[in-house]
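Side chains included, hydrogens not; waters and symmetry mates left out as well; all remaining heavy atoms used. So that the names make sense, note that chain A is the first sequence line, chain B the second, and so on, each numbered from 1.
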Number of protein chains: 2
Amino acid sequence: MVSMHRRPSSRDVARLANVSQTTVSFVLNRREGANISEETRARVEKAAAELGYRPNRLADALLRNKSYTVCCVTPSRLSTYHAGVVEGIDNYLSARGYRLLSVYTHHDPVREAEQVHAFLDSAVDGIVYFADEVTLEFVDNWLSRAIESNVACLVVDTRSRPGLDAVVSDDVNGSRQVTDHLISLGHERIGHLGAGHVMSTAVDRLEGYRIAMKEAQLPIDESWVIGNSYLSLPSDQEIFDLACRVTAITAAADDSAGKVLQVLKERGVRVPEDCSVTGFGNQEWTPWVGLTTVVQHTQEMGISAGQLLLQRMGELSAPPQLRTFATDTVIRQSTAPPRPPDSAHRMPCLI
Amino acid sequence: MVSMHRRPSSRDVARLANVSQTTVSFVLNRREGANISEETRARVEKAAAELGYRPNRLADALLRNKSYTVCCVTPSRLSTYHAGVVEGIDNYLSARGYRLLSVYTHHDPVREAEQVHAFLDSAVDGIVYFADEVTLEFVDNWLSRAIESNVACLVVDTRSRPGLDAVVSDDVNGSRQVTDHLISLGHERIGHLGAGHVMSTAVDRLEGYRIAMKEAQLPIDESWVIGNSYLSLPSDQEIFDLACRVTAITAAADDSAGKVLQVLKERGVRVPEDCSVTGFGNQEWTPWVGLTTVVQHTQEMGISAGQLLLQRMGELSAPPQLRTFATDTVIRQSTAPPRPPDSAHRMPCLI
DNA sequence: CTGTTAGCGCATTCAC
DNA sequence: GTGAATGCGCTAACAG
């Protein structure tokens with residue numbers, strides 16, 4: 001026979017301790033002004049412990065219209081980068097009495113809006129939106145209500161919302177640095193596997209590549225720039241063709257670089273001997289394949305996001321802040337000097 | 001001047017529509033028995049739309065002690081496997097009026113307990129716990145309360161909680177099949193990079209390896225079995241030494257296999273020529289490195305988990321179910337027949 | 001058919 | 001120093 005007892009309420013504690021509900025509230029919340037006798041305090045605490053009393057968060061949130069909850073909206077779970085930022089936010093907020101909940105949109109704007117509305121219907125205090133190529137253009141479906149509801153909103157990974165607090169990597173310089181690395185190795189024909197023009201991160205990374213090439217006075221053949229999306233990559237043939245035209249490829253994302261490694265391996269193009277490859281993001285698996293890539297300081301970004309959120313909760317009308325984080329380049333085995341032009345070895349595509 | 005209006009309540013709708021709050025509730029919830037005139041219904045709906053009324057989920061949840069929310073407790077975000085299962089649960093539940101929220105424990109049992117308690121304090125309807133090597137032995141810190149609170153609990157990835165609904169892969173057979181694949185290629189000295197004895201998945205994968213070897217009448221030298229944890233892998237040297245003693249290594253996890261690939265590459269052991277390598281899990285990056293691995297049917301597992309949860313919510317006393325899912329082996333380029341014993345090429349470690 | 005009333009669990013203002 | 005009364009927004013008995 002399972003005990004179907006209702007869970008204990010503060011009233012139950014009050015009854016057991018022979019005091020009023022108010023006193024229980026005062027004791028358990030350590031309320032300042034209230035001068036409760038030591039004897040009463042002890043009796044209340046004993047009663048609460050005895051019953052295993054825990055305050056009902058719903059009742060409190062309903063009363064205050066505040067739930068001490070922040071939600072984090074992400075396209076999917078699959079990114080070391082996102083994971084790091086979320087962990088940073090989580091660490092910051094959980095140490096300050098807030099909890100962080102996550103939902104995934106699966107790149108579906110309708111689902112995203114539903115998820116956020118559900119949060120707004122539950123007195124959420126803050127929303128962190130991780131920009132997504134697909135849903136970005138639909139954020140206004142929910143963002144306007146979030147702002148009207150005085151909820152602290154913050155966006156990660158895009159500069160396209162100047163009215164909001166935002167946290168981003170310095171994508172331009174990150175891309176520039178990794179391209180400089182290739183240039184310093186002696187590469188002159190360098191390709192870029194980009195991710196289109198929807199995400200400012202993609203645009204910035206392409207821009208960084210262009211700047212590096214320009215500063216080195218290396219011309220860019222426009223056929224060296226391919227890729228329109230983080231999500232759908234160019235065909236194997238397009239990637240292969242690019243590798244035949246250049247001696248190095250900078251990819252705007254590690255996942256894209258991973259795909260490049262696969263294609264080149266399958267077609268007999270050796271990395272880095274025949275073609276160097278770089279990524280962006282330092283995903284967990286990149287050491288395993290020796291991919292040279294760009295490290296983003298995800299923990300710091302997350303902590304900063306947490307700070308901005310709490311500030312915004314306190315001061316809704318303060319001017320929005322954009323925080324940009326420098327990156328590092330981590331050099332592994334996927335980059336090396338290009339083959340000398342007269343090398344005996346021929347690229348398979350040139351045979 | 002920001003409008004600081006309180007968000008509209010059902011009472012506001014009632015006032016605007018000139019009806020009582022009850023009528024608003026009946027209309028908006030399409031309550032069966034109540035026979036509301038078409039005219040009234042239209043007036044209420046118009047008023048609700050005009051005010052942009054949305055019901056407050058907190059009030060409802062407080063009243064019913066039910067929030068139509070399920071929480072999912074995961075060690076971290078970084079796993080294609082977890083991602084797939086969570087997506088399956090999400091798809092199933094969101095189509096049935098529930099929402100799925102996720103939290104991460106970062107392998108910290110204290111944090112995990114806090115997170116779950118916060119959910120229990122908010123009338124969560126179900127909990128999905130993804131077994132984790134570190135927190136598994138502490139689940140009773142919160143599990144007992146969850147069960148007493150009549151919350152539907154389900155565990156993924158471990159058979160160690162026979163009292164609970166559980167969803168697992170057929171790890172024994174998955175591991176056995178991938179080992180059989182190596183045996184059929186002609187390997188006789190096969191090593192296993194395991195993950196200890198805490199997680200039943202790790203134990204089962206080791207067991208599957210042993211069964212396959214036994215059935216093929218291949219003896220196992222106990223020095224071929226290394227690895228005590230999913231989280232902390234053996235040293236590079238240990239991995240290298242293992243590769244010198246065998247012609248193939250089955251890893252209990254893709255991440256471990258990835259590490260093996262890195263070490264072998266760094267030390268000049270060619271894969272698959274000198275040593276074949278297999279993983280487990282079909283993580284997103286495995287195609288990029290051509291890793292032969294075991295595919296788990298994550299979506300189906302998630303859907304099944306969703307079904308079990310809803311069943312359990314309806315019938316708390318039903319006998320617990322364990323659902324086991326078959327796996328597939330996906331063969332890529334990291335496995336090949338062993339070198340002939342008299343091969344001219346020598347392993348670097350044997351030189 | 002619709003409105004009045006009560007109460008979910010809590011914090012809080014105001015008496016005593 | 002402590003307690004009675006109020007209301008957050010909602011649904012659901014129960015009247016009428």
Next on the checklist: When you measure from the side-chain N and O atoms of B:Thr40 to the phosphate of C:dC1, is any distance below 4.0 Å, counting only OP1 and OP2?
Outcome noted: no

Regarding B:Ser25 and B:Thr22, do their side chains bring together a donor and an acceptor under 3.5 Å, going by distance alone?
no

A:Tyr104 meets the ring-ring contact (aromatic ring centres under 6.0 Å, His included) criterion, sequence neighbours left out, with none

Any sub-3.5 Å donor-acceptor pair from A:Asp125's side-chain atoms to A:Thr69's backbone N or O?
yes

A:Leu62 atom CG is separated from C:dT12 atom P, nearest whole Å, by 14 Å

B:Arg15 atom CZ is separated from D:dG9 atom C1', nearest whole Å, by 12 Å

What one should report as the nearest heavy-atom pair of A:Cys72 and A:Leu100 is CB-CD1, 3.9 Å

note: A:Lys66, atom NZ; C:dT12, atom P; distance rounded to Å ~ 14 Å

Its contact letters, B for base, S for sugar-phosphate only and - for none at protein heavy atoms under 4.0 Å, make nucleotides 10-16 of chain D read BSBB---

Whole-Å distance, B:Glu39 CD to C:dT2 P, equals 9 Å

In whole angstroms, the gap separating P of C:dC10 from CG of A:Leu58 amounts to 10 Å

_Check this one for me: any side-chain N or O of B:Thr23 less than 4.0 Å away from OP1 or OP2 of C:dT2?_
no

Here the distance between atom C1' of C:dC8 and atom CG of A:Asp12, to the nearest Å, is 13 Å

message = Under the criterion salt bridge (charged side-chain N to carboxylate O under 4.0 Å, His left out), I'd like the reasoning laid out for A:Asp60 against A:Arg57: C-alpha separation, chi angles, the key distance, then a yes or no.
response = CA-CA 5 Å; A:Asp60 192 74; A:Arg57 292 180 71 104; over 6 Å; no

Here the distance between atom C1' of D:dT2 and atom CZ of A:Arg41, to the nearest Å, is 13 Å

Residues passing the ring-ring contact (aromatic ring centres under 6.0 Å, His included) test with B:Tyr129, sequence neighbours excluded, are B:Trp142

